[in-house]
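Remarks on the structure that follows.
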Protein chains: 2
Amino acid sequence: MARIKDVAAQAGVSVATVSRVLNDNPSVTEETRNRVHDAMAALNYRPNAVARSLRTEATRTLGLIIGDILNPFFAELARAVEDEAREAGYTVVIGNADERADQQDHYVRTLMEQRVDGLIICPTAEVTPLVEEVSKGQRPLVFLDRTLHGIDVPSVRADGGTAIAELVAHLRALGHRRIAFVSGPGTLSTGRERTAAFLRAAADHGLQVPEEYVRVGDFRAGSGQRITAELLDLPEPPQAIFLGDNLMALGALDEIRRRGLDIPGDVAVASFDDVPWFNHIQPRITAISQPTAELGRRAVRVILDALAGRTATSVVLPAALVVRESCGEARPATKARRSDGRRKEAGS
Amino acid sequence: MARIKDVAAQAGVSVATVSRVLNDNPSVTEETRNRVHDAMAALNYRPNAVARSLRTEATRTLGLIIGDILNPFFAELARAVEDEAREAGYTVVIGNADERADQQDHYVRTLMEQRVDGLIICPTAEVTPLVEEVSKGQRPLVFLDRTLHGIDVPSVRADGGTAIAELVAHLRALGHRRIAFVSGPGTLSTGRERTAAFLRAAADHGLQVPEEYVRVGDFRAGSGQRITAELLDLPEPPQAIFLGDNLMALGALDEIRRRGLDIPGDVAVASFDDVPWFNHIQPRITAISQPTAELGRRAVRVILDALAGRTATSVVLPAALVVRESCGEARPATKARRSDGRRKEAGS
DNA sequence: GACCTCCATGTAATCGGTTTCATGAGGGTA
DNA sequence: TACCCTCATGAAACCGATTACATGGAGGTC
């Protein structure tokens, strides 16, 4: 592979001049610049980012550690982070923690060794010694989606409190009194906060929430299915089940379908996280939608702020309730309307 | 950040010795090794992978360029690639081409500059000059999922030919004669091959496929919706629509639902790519399933083979038809055989 | 013509590791 | 005691860029 030295020889200049051309240094003559460009083209020269990074102590690379790349929420987050970073001239290295603390730490270690300029973490567990050490270091760090307790790092996340309250009101208005909630792990802020918001909203509506209606899943489909089965097997099963994320909702739908139950006739379903296919199935799933892409972009901007020496501050964006049909007919009068979508002559 | 020199001073040895400890060189005394380890711990030393890579000319990093990270197929592919690479001690840098040739080239360029040890590309378009140049270079390269014409690079992909033939037979057996196919762009091998396989199978069954039943989409939801609308608006609309990937199927379902049509009563639907939610909606979608994770793992192994000096050979794995209910009741006669999963009393 | 300024370019140090080769201590043997 | 061998360790070159500083030629001023 051609090196800067080869280009210099080919163009009849010094390596310093080639470097200046590479970095758009204005003090290079038009004519010299052309000669260098010709030489680079002739040799198929590709600058070595490794060598450059060693000298400049900057890699123009950001690290992103997500919980689970198969979760569409994180996929969208990753995409937004990458888009925003690319526009700023940064490359993103994605690490998939697979919701495991050890794998999260593996990526923290690897990315630190790679000397990423900044690190965005969607934490998968409680504070680990490694994360704590990194948080005290000088490298910009931001938590995305989830925060960790007792650690002073800016975070970017959505607040679902208001939307959860709206959802409980919605369920209540439809006549549901027995509502179950499947949260994420208590070690994760998103698990704790959503549970707290749910219980508060239920209390506000004078609803009794028996202990067995508040369950802890792991943000994977399997736990959603298992817990839904347990809930439906209770002597007094809930009328509505609210799942803490889209994958657990997938599992729940599966279990409900397996039992041949009707949604929302036999049991109402709502989910945190809105994903495309929620809108494409029958009935469409009522969900709490997070401003996912915006969260990703803001996280990058927090990092870029820190790199530019500006103070980085946490960001909280609101989540929003998207009412569809999986909790019941929001409008008793609409029944007629829905069925005429089937008339042949109604073709648009 | 502590450097190897600091560790050496702290431990009272030379940098060479510290380097030996880092690389598990056996010729270091137990006692010296301990002193060095203590020094590293005391200084919170993290080796600088950038410096190491410069000297060793190896980054232990693989580049992966996928078509669209929001497409669950590519997400699963990425996850498999990453898992396999991590086990071999490699980090993966994912580039999201967003199905655009210019963005694909952006990542090819960036990853080459970063000196990844090998590159896995799911090509998004015809051969670009840059890709051609890279293919002639010495760096291991493999095409995943899709191949490019006239370029000598090993590839790892699934062959859907047999499964497509089975699907056509399945549709035929259910009485469908007017079958439409929405393929991917003709510039992509997956688009061309699937179209050819479909036409061949149709011919084998003596089916006439009018020109307007063979459409070209772009592997995104929008085109699936638009083309489905056009197909349904034909004077003689198809009885079955076969979508070339899961995102276009999403768009198709949306359009069919919007018109209030029944699946499979009014129109049958099948898709290439099987994704989790196909199995969770009503009716469940009949699809052709690719061995996605295995494809990803094999691509990594091809790269590792090349890096180890072994000759890398292309891999083709079969795709499989997964019959569900979206094309119609599958069993007048097969009832006994296929229904075993569904019998109420057979509940697992 | 002497002197100064400006500016394009070159020389060489540097980033933090790895690796080749030299070195010297220690032990074994005659 | 002299010699050799083994082996743990150190000194220094090197990877390919960037950049502080040096240099020298052109042009301007008196």
Side-chain angles (χ1 to χ4, degrees), chain A residues 1-37 39-40 43-61 89 109-110 112-117 137-139, chain B residues 1-37 39-40 43-61 89 109-110 112-117 137-139:
Chain A
M1 193 128 233
R3 301 149 304 167
I4 201 172
K5 197 195 296 186
D6 304 317
V7 175
Q10 170 92 7
V13 299
S14 72
V15 293
T17 299
V18 177
S19 176
R20 288 189 187 99
V21 171
L22 280 175
N23 294 282
D24 283 324
N25 185 317
S27 80
V28 179
T29 310
E30 177 79 20
E31 194 249 323
T32 309
R33 184 180 307 275
N34 289 337
R35 276 223 313 288
V36 171
H37 276 141
M40 296 198 296
L43 297 173
N44 258 328
Y45 172 71
R46 303 269 161 226
N48 184 328
V50 174
R52 166 181 293 159
S53 294
L54 177 59
R55 177 61 223 237
T56 61
E57 317 211 277
T59 52
R60 294 200 78 77
T61 286
R109 197 172 301 111
T110 304
M112 291 304 284
E113 292 186 1
Q114 308 227 60
R115 298 297 194 266
V116 293
D117 292 342
Q138 62 307 317
R139 209 171 297 269
Chain B
M1 193 128 233
R3 300 147 305 166
I4 201 172
K5 197 194 296 186
D6 304 318
V7 175
Q10 170 92 8
V13 298
S14 73
V15 295
T17 300
V18 177
S19 176
R20 289 189 185 98
V21 171
L22 280 175
N23 293 284
D24 283 324
N25 186 318
S27 80
V28 180
T29 309
E30 178 79 19
E31 195 249 322
T32 309
R33 184 180 305 274
N34 289 337
R35 277 224 312 288
V36 171
H37 277 141
M40 294 197 298
L43 297 173
N44 256 328
Y45 174 71
R46 304 267 160 230
N48 185 329
V50 174
R52 166 180 296 158
S53 295
L54 177 59
R55 178 61 225 235
T56 61
E57 317 211 277
T59 52
R60 293 201 79 76
T61 286
R109 198 173 299 112
T110 304
M112 291 304 285
E113 292 186 0
Q114 308 227 60
R115 298 298 193 265
V116 292
D117 291 342
Q138 61 306 317
R139 210 170 296 270

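Only this structure's heavy atoms are used, side chains among them; waters, hydrogens and symmetry mates stay out.
B/Asn34 meets the side chain to side chain contact (heavy atoms under 4.5 Å, CB included) test with B/Glu30; sequence neighbours excluded. Residues forming a side chain to side chain contact (heavy atoms under 4.5 Å, CB included) with A/Glu57 (at least two apart in sequence, or on another chain): none. With sequence neighbours left out, the side chain to side chain donor-acceptor pair (under 3.5 Å) criterion links A/Glu31 to A/Arg35. For A/Arg109, the side chain to side chain contact (heavy atoms under 4.5 Å, CB included) partners are A/Asp105, A/Glu113, A/Leu130, B/Arg46, not counting sequence neighbours. In this structure A/Thr59 satisfies the side chain to side chain contact (heavy atoms under 4.5 Å, CB included) test together with A/Ser53, A/Thr61, A/Arg115, A/Asp117, B/Val50, sequence neighbours excluded. Listed by chain and number, the residues in a side chain to side chain donor-acceptor pair (under 3.5 Å) with A/Asn44 amount to none (sequence neighbours excluded).
For the atom pair CZ (A/Arg20) and OG1 (A/Thr29), the distance works out to 11.0 Å, reported to the nearest 0.5 Å.
In this structure, B/Arg52 and B/Pro47 approach most closely via the heavy-atom pair NH2-CB, 4.1 Å. When every heavy atom of B/Val116 is checked against every heavy atom of B/Arg139, the shortest pair comes out as O-NH1, 2.9 Å.
At whole-Å resolution of the value, CD in A/Gln114 and P in C/dG16 are 17 Å apart. Counting to the nearest Å, the P atom of C/dC7 and the CD atom of A/Glu31 are 19 Å from each other.
Here the range on DNA chain D touched by chain B, meaning any atom under 4.0 Å from one of its heavy atoms, is D/dA8 to D/dG16.
Residues from residues 15-28 of chain B placing a heavy atom under 4.0 Å of any atom in DNA chain C, listed by number, are B/Ala16, B/Ser19, B/Arg20, B/Leu22, B/Asn23. Residues from residues 45-57 of chain B placing a heavy atom under 4.0 Å of any atom in DNA chain D, listed by number, are B/Leu54, B/Arg55, B/Glu57.
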Below 3.5 Å is the cut-off: list the nitrogen or oxygen pairs between protein and nucleotides 4-6 of chain C, distance only.
none

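Side chain of B/Asn23 to main chain of B/Asn25: no donor-acceptor pair is present (N/O by atom type, distance under 3.5 Å, no hydrogens or angles).
End-to-end axis angle for the helix from C/dG1-D/dC30 to C/dA30-D/dT1, using five pairs per end and rounding to 10°, comes out at 60°.
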Scan the side chains in residues 3-16 of chain A for donor-acceptor partners under 3.5 Å anywhere in the protein, sequence neighbours excluded, and list what turns up.
unit_1  : atom_1 : unit_2  : atom_2 : d
A/Arg3  : NE     : A/Asp6  : OD2    : 3.2
A/Arg3  : NH2    : A/Asp6  : OD1    : 2.9
A/Arg3  : NH2    : A/Asp6  : OD2    : 3.4
A/Asp6  : OD2    : A/Arg3  : N      : 2.8
A/Ser14 : OG     : A/Ala16 : N      : 3.4
A/Ser14 : OG     : A/Thr17 : N      : 3.4
A/Ser14 : OG     : A/Thr17 : OG1    : 3.4

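Closest-nucleotide positions on DNA chain D for B/Arg33 and B/Arg115 were compared, and the one nearer the 5' end corresponds to B/Arg33. Taking the nucleotide of DNA chain C with the nearest heavy atom to each of B/Arg3 and A/Gly12, the more 5' of the two is matched to A/Gly12.
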I would like to know whether A/Leu22 and A/Tyr45 meet side-chain contact (heavy atoms from CB on, under 4.5 Å); could you show each step before the answer?
CA-CA 11 Å; A/Leu22 280 175; A/Tyr45 172 71; 3.7 Å; yes
